[in-house]
Amino acid sequence: MPTIPSILGFGAFAIDDIVYVDQPLSAGKGKVLQSTRAFGGNVATALAAVARLGGSAGFIGWLSSADDDAMLCDLVACGVETAFAPRHSDARPVRSRITVGSDGDRFIAYDDDAMLGTAPDFPDEILSRATVLIVDSYATRSLDVVARARELGLAIVGDIEWSAGPATDRLMALCDHLILPLGFARIATGGRAPAEMLDALWSPSRSAVVLTDGGQGAYYRGREETALRHLAPHRVAIVDSTGAGDCFHGAYAQALTRGADTAGRVAFAAAAAALSVTGRGGREALPTDDQVTELLASTNAPSAVELKYAQLGTGT
């Protein structure tokens, strides 16, 4: 029996058909420069990032019962353990069509009529031997498993991008490490400023709340202190922002297993995500641990500053 990985996850895994065009998306139309097919998905890419960084990652969502299934083979090729994932003949990936503009921004159109939770009787014996569980918005389909993982002492890292109503509220309550795109945090809380949103999302059960905002960096609060922080982005040549948030979550989870504090986890994750946008698709430029360490040690690496309540977010 394979060793149970330190970081487990279930949620979206996808096959992405990506088109690169010569104009920004705001132009309305542009010439196709390149088309490609790639593997992606929130949790699948986060776990691939963990493996690339030298961590121990395992996918435990539904996978096809066919041993030659493309998604299963891709996860294995990325170094992600699949031995503990439940199998079903009807399991299939999300299918996405992604348009990437000349500035690296992208629009994702997806079909998510798929089995994206995990088995309701997923064994506690496996969960209890892991350290972190990464979940995304689709974990509403397996809330009892997330709740059991939390009770067993796992850190729950939540990558929540949209709401399915009360089920999403419960899922967010179970995530002690809640990492949201700022745009969704604005919708979920009704706040305008990052400080307002961080406060609205905070609870005594949280270990950290992080709001990611692409080119504006990240805003966060950790249990270690009450101060709110803003970390400006690294300046890198952006080729494709697909999967950057997923890489952030995976790198954050990896730093968590190493005992880093909130500031250290966010800094490590932000550097990894910055490096990930320098290649095409969500996986091409996933960084190694050495690459992240080198970027963090560079003279231009940003430092976190205290966030003032008057500061407003610029993300959408």
Side-chain ([X]) to main-chain ([Y]) donor-acceptor, under 3.5 angstrom:
X: Thr45; Y: Asn42; result: no
X: Ser6; Y: Ser56; result: no
X: Asp103; Y: Pro24; result: no
X: Arg206; Y: Leu178; result: no
X: Ser142; Y: Thr118; result: yes
X: Asp136; Y: Ala12; result: yes
X: His249; Y: Val157; result: no
X: Thr288; Y: Gln291; result: yes
X: Arg52; Y: Leu286; result: yes
X: His88; Y: Asp90; result: yes

What are the two closest heavy atoms between [X] and [Y], and how far apart are they?
X: Pro93; Y: Ala14; value: CB-CA, 4.0 Å
X: Ala244; Y: Ala273; value: O-CB, 3.5 Å
X: Ala270; Y: Phe248; value: N-CE1, 3.6 Å
X: Leu295; Y: Ala274; value: CD2-CB, 4.3 Å

Could you tell me the separation between the [atom1] atom of [X] and the [atom2] atom of [Y], rounded to the nearest 0.5 Å?
X: Met197; Y: Leu211; atom1: CE; atom2: CG; result: 6.5 Å
X: Leu228; Y: Leu307; atom1: CG; atom2: CG; result: 5.5 Å
X: Trp62; Y: Ser89; atom1: CH2; atom2: OG; result: 10.0 Å
X: Phe184; Y: Thr189; atom1: CZ; atom2: OG1; result: 9.5 Å
X: Thr82; Y: Leu75; atom1: OG1; atom2: CG; result: 7.0 Å
X: Glu161; Y: Ile108; atom1: CD; atom2: CD1; result: 7.5 Å

For Leu133 and Phe10, what are the C-alpha separation, side-chain angles and deciding distance, and is it a side chain to side chain contact (heavy atoms under 4.5 Å, CB included)? CA-CA 8 Å; Leu133 177 67; Phe10 66 86; 4.1 Å; yes

Taking [Y] as the starting point, is it possible to reach [X] by hopping between hydrophobic residues whose side chains are less than 4.5 Å apart?
X: Phe107; Y: Ile18; answer: no
X: Phe39; Y: Met115; answer: no
X: Leu53; Y: Leu8; answer: no
X: Ile60; Y: Leu174; answer: yes
X: Leu154; Y: Leu143; answer: yes

Just do the side chain to side chain contact (heavy atoms under 4.5 Å, CB included) check on His177 and Val132 with the steps written out, would you? CA-CA 10 Å; His177 296 264; Val132 180; over 6 Å; no

Set of residues satisfying side-chain hydrogen bond (donor to acceptor under 3.5 Å, both in side chains) with respect to Ser205, sequence neighbours excluded: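 Checked Ser205 against side-chain hydrogen bond (donor to acceptor under 3.5 Å, both in side chains); matches are Ser203.
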
Would you say the side chain of [Y] lies within less than 4.5 Å of the side chain of [X], judging by non-hydrogen atoms?
X: Arg221; Y: Asp199; result: yes
X: Leu72; Y: Ser64; result: no
X: Val19; Y: Ser35; result: yes
X: Val135; Y: Cys175; result: yes
X: Met172; Y: Leu201; result: yes
X: Leu116; Y: Phe13; result: yes
X: Arg265; Y: Val210; result: no

SB check [X] [Y] (cutoff 4.0 Å):
X: Asp17; Y: Arg37; result: yes
X: Asp246; Y: Arg283; result: no
X: Arg87; Y: Asp67; result: yes
X: Asp16; Y: Arg106; result: no
X: Arg92; Y: Asp69; result: no

Taking atom types as modelled, is there a side-chain donor on Tyr220 or Arg229 under 3.5 Å from an acceptor on the other?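 Short answer, no.
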
Any chance the side chains of Glu224 and Thr262 put a donor and an acceptor closer than 3.5 Å?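 Judged by distance alone, the side chains do pair up.
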
Given the rule in the salt bridge (Lys or Arg N to Asp or Glu O under 4.0 Å) test, do Arg97 and Asp111 qualify, once you have shown the distances and angles that lead to the verdict? CA-CA 9 Å; Arg97 293 172 177 82; Asp111 172 9; over 6 Å; no

Can you tell me if CD on Glu294 sees more than 12 non-hydrogen neighbours from other groups inside 6.0 Å? no

Could you check whether the rings of Tyr219 and His230 sit parallel, tilted or perpendicular, using 30° and 60° as the cut-offs?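 Ring orientation of Tyr219 relative to His230: parallel.
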
What's the verdict on side chain to side chain contact (heavy atoms under 4.5 Å, CB included) for Asp124 and Leu127, showing C-alpha distance, side-chain angles and the deciding distance? CA-CA 5 Å; Asp124 285 355; Leu127 290 173; 4.1 Å; yes

